[in-house]
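Notes follow once the structure below has been shown.
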Amino acid sequence: MFKTSLFALGVVVLTCGCNKSEPAASTKSEAATPAAAAPAVAEVSVTDLASALKDKRAIAVDANGVETRQKYGVVPGATLLSDHRNYALSELPSDKAQPLVFYCGGIKCRASDAAAQRAISAGYAKVSVMRDGIKGWVDAGQPTSTLPKS
């Protein structure tokens with residue numbers, strides 16, 4: 001029972017991405033394998049990302065779904081992914097040495113981690129996540145861009 005409870009918690013953590021339309025993993029091997037094999041992604045603070053964007057030293061990459069983007073806005077100039085797990089690699093800059101900082105909804109969301117792992121697997125060398133996400137960005141008083149309502 002204890003192992004089952006821990007597994008259930010793992011599924012919730014792994015599938016809590018910010019895109020509500022994504023189905024949960026259906027088996028233990030689907031949920032456990034990617035997380036166990038993935039190395040930790042470096043983290044940056046809101047202040048670090050704001051500074052890097054101001055100095056044009058990094059590109060922000062938004063891994064949120066449309067609902068989150070409409071509710072909180074986006075980091076100005078961020079690349080907006082079509083999906084945090086299955087986005088086309090052509091959505092990222094062609095220069096794989098360009099520093100990329102992925103973000104999602106907030107500290108409990110892991111969509112940015114999934115998106116960052118996809119970039120790392122594709123050969124991008126300087127990949128990190130802003131753990132505080134767009135909620136932390138807004139709470140810190142940083143500017144946002146809004147999306148038109150569809």
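Please read all numbers here as calculations on a predicted model, not as lab measurements.
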Checklist entry - Are Tyr72 and Asn64 close enough, and set up right, to give a side-chain contact (heavy atoms from CB on, under 4.5 Å), and what steps lead you there? => result CA-CA 10 Å; Tyr72 296 100; Asn64 287 314; over 6 Å; no
Next on the checklist: Looking at Arg85 and Asp83, is any side-chain nitrogen of the basic one under 4.0 Å from a carboxylate oxygen of the acidic one?
Outcome noted: no
Item to check | Any donor-acceptor N/O pair, Trp137 side chain to Pro143 backbone, under 3.5 Å | outcome: yes
Item to check | Under the side-chain hydrogen bond (donor to acceptor under 3.5 Å, both in side chains) test, residues paired with Ser145 that sit two or more places apart | outcome: none
Checklist entry - Can you name the nearest heavy-atom pair linking Gly73 to Ile134, along with the distance? => result O-CG1, 3.5 Å
Checklist entry - Which pairs, with at least one residue in residues 91-100 and sequence neighbours excluded, count as a side chain to side chain donor-acceptor pair (under 3.5 Å)? => result Ser82-Glu91
Checklist outcome for this item: When rounded to the nearest 0.5 Å, the distance separating NZ of Lys135 from NZ of Lys108 is 8.5 Å
Checklist entry - Is there a side-chain contact (heavy atoms from CB on, under 4.5 Å) between Val75 and Thr144 once you walk through the steps? => result CA-CA 5 Å; Val75 171; Thr144 60; over 6 Å; no
Item to check | Sidechain-backbone polar pair: Arg110 side chain, Ile107 backbone, donor-acceptor under 3.5 Å | outcome: yes
Checklist entry - Taking only residues two or more places apart in sequence, or in another chain, which ones meet Ser45 in a side-chain hydrogen bond (donor to acceptor under 3.5 Å, both in side chains)? => result Asp48
Checklist entry - For Asp132, which residues count as a side-chain hydrogen bond (donor to acceptor under 3.5 Å, both in side chains) partner, sequence neighbours excluded? => result none
Checklist entry - Which heavy atom of Ala97 sits nearest a heavy atom of Lys126, and at what distance? => result O-CD, 3.4 Å
Checklist entry - Considering the options Val44, Val46, Asp113, which one meets the side-chain contact (heavy atoms from CB on, under 4.5 Å) requirement together with Arg131? => result Asp113
Checklist outcome for this item: Tracing side-chain contacts under 4.5 Å among Ile, Leu, Val, Met, Phe, Trp and Tyr outward from Val41 reaches Ile59, Val61, Leu81, Tyr87, Leu89, Leu92, Leu100, Phe102, Ile120, Tyr124, Val127, Val129
Checklist outcome for this item: Contacts of Arg69 meeting salt bridge (Lys or Arg N to Asp or Glu O under 4.0 Å) (sequence neighbours excluded), chain-then-number -> Asp62
Item to check | Donor-acceptor contact present, side-chain Ser51 to main-chain Thr47, <3.5 Å | outcome: no
